[in-house]
Amino acid sequence: MATGNIRTEGVESVAHRLIEAWNRHDARAFAAVFAADAEFTNVFGMQATGRDKIEQFHAPIFEKMFKHSHLSAESARNRLVRPDVATLDLRWSMTGALDPMGNEWPRRRGLISVVATRDHDEWLITTMHNMELGDDQMAKSQEKLQEDK
């Protein structure tokens with residue numbers, strides 16, 4: 001993953017810890033990357049507030065839907081807003097997941113948008129929004145519209 005600024009190296013470590021916990025299907029380790037009062041929103045718009053609730057939210061889906069999933073980062077971009085606040089955009093892809101009805105979910109792609117804060121030497125997620133990205137062809141069509149201006 002590319003680093004936007006050497007001072008935000010710790011922010012990228014948040015992404016690494018998040019992905020590693022996901023791939024171990026470890027709800028506690030996943031939630032540990034979040035601040036105690038963090039807000040999380042998934043691709044369906046469902047929300048969990050607080051580290052404990054984020055762990056409780058992920059525990060059953062790691063046991064079922066995402067039991068065999070593998071999450072990888074395609075790219076990461078971060079920006080230091082203040083010395084103790086940073087943003088991180090993480091483009092991801094996932095294989096091996098089941099949809100909420102238990103059917104095999106084809107390869108998925110998405111974007112995680114994070115606001116992270118530094119408390120002493122540790123960066124933690126304070127807000128995370130996860131979204132599924134649509135068809136590549138749609139994005140290419142919109143890019144063409146921008147070029148036609």
Side-chain angles (χ1 to χ4, degrees), residues 1-97 99-100 105 107-136 138-143 145-147 149:
M1 289 184 273
T3 302
N5 183 314
I6 192 114
R7 292 174 293 171
T8 59
E9 215 170 81
V11 176
E12 280 203 10
S13 77
V14 167
H16 290 290
R17 290 173 22 222
L18 195 72
I19 291 168
E20 288 172 2
W22 184 280
N23 289 332
R24 287 194 317 268
H25 312 108
D26 183 338
R28 177 162 289 179
F30 184 84
V33 182
F34 290 82
D37 62 347
E39 295 182 358
F40 167 85
T41 305
N42 75 359
V43 297
F44 300 119
M46 299 169 70
Q47 297 177 320
T49 300
R51 185 182 297 136
D52 292 341
K53 294 289 185 195
I54 292 168
E55 179 181 347
Q56 291 168 14
F57 182 91
H58 284 84
I61 60 177
F62 280 153
E63 292 174 8
K64 296 176 182 148
M65 290 173 56
F66 300 119
K67 184 176 184 173
H68 301 290
S69 67
H70 180 79
L71 181 66
S72 58
E74 295 177 353
S75 68
R77 202 175 92 191
N78 58 59
R79 177 175 175 257
L80 194 63
V81 178
R82 296 188 332 214
D84 62 338
V85 178
T87 61
L88 172 69
D89 283 344
L90 178 68
R91 289 189 176 266
W92 57 265
S93 65
M94 181 185 295
T95 57
D99 70 20
W105 216 338
R107 179 180 172 261
R108 302 173 60 209
R109 296 176 332 104
L111 174 68
I112 293 172
S113 181
V114 166
V115 173
T117 55
R118 185 171 57 195
D119 185 17
H120 302 295
D121 289 336
E122 184 177 32
W123 285 95
L124 294 170
I125 296 170
T126 54
T127 305
M128 177 175 151
H129 292 143
N130 193 5
M131 65 187 86
E132 192 116 16
L133 293 178
D135 184 338
D136 280 340
M138 294 288 213
K140 289 176 184 173
S141 295
Q142 183 173 345
E143 285 174 4
L145 288 174
Q146 303 294 52
E147 292 168 4
K149 277 179 93 173

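Using a 30° and 60° split on the angle between ring planes, F44 and W105 fall in the parallel class, below 30°. The aromatic rings of F66 and F62 sit perpendicular to each other, their planes meeting at more than 60°, with 30° as the lower class boundary.
Under the 4.5 Å side-chain criterion, counting only non-hydrogen atoms from C-beta, I125 is in contact with L18.
Residues L88 and A76 approach most closely at CD1-CB, 4.0 Å, considering heavy atoms. Between E132 and V43, the shortest heavy-atom distance links the atoms N-CG1, 3.5 Å. Contact detail for A73 and L90: the closest heavy-atom pair is CB-CD1, 3.4 Å. The two atoms that bring W92 and L111 nearest to each other are NE1-N, 3.2 Å, heavy atoms only.
With rounding to the nearest 0.5 Å, the separation of CG in D37 from OG1 in T117 is 8.0 Å. Here N42 contributes atom CG and M131 contributes atom CE; the two are 12.0 Å apart, rounded to the nearest 0.5 Å. Separating the CD1 atom in I54 from the CD atom in Q47 is a distance of 10.5 Å, to the nearest 0.5 Å. Interatomic distance, H70 NE2 to M94 CE, rounded to the nearest 0.5 Å: 10.0 Å. For the atom pair CG (N130) and OG1 (T41), the distance works out to 9.5 Å, reported to the nearest 0.5 Å. For the atom pair CZ of F40 and CD1 of I112, the computed distance is 8.0 Å after rounding to the nearest 0.5 Å.
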Begin from the C-alpha positions of R24 and E20 and carry the test side chain to side chain contact (heavy atoms under 4.5 Å, CB included) through to its verdict.
CA-CA 6 Å; R24 287 194 317 268; E20 288 172 2; 3.9 Å; yes

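W22 and S69 share a side-chain donor-acceptor pair at under 3.5 Å.
Taking 4.0 Å as the cut-off between side-chain N and carboxylate O, R82 and D84 count as a salt-bridged pair.
Not one N or O on the side chain of H68 forms a donor-acceptor pair closer than 3.5 Å with the backbone of G96. Within the 3.5 Å criterion, the main-chain N or O of R91 finds no donor-acceptor partner in the side chain of R109. Looking at R79, its side chain never comes within 3.5 Å of a backbone N or O of T87 through a donor-acceptor pair. Side-chain N or O atoms of S113 include none that pairs as donor or acceptor with a backbone N or O of H129 at under 3.5 Å.
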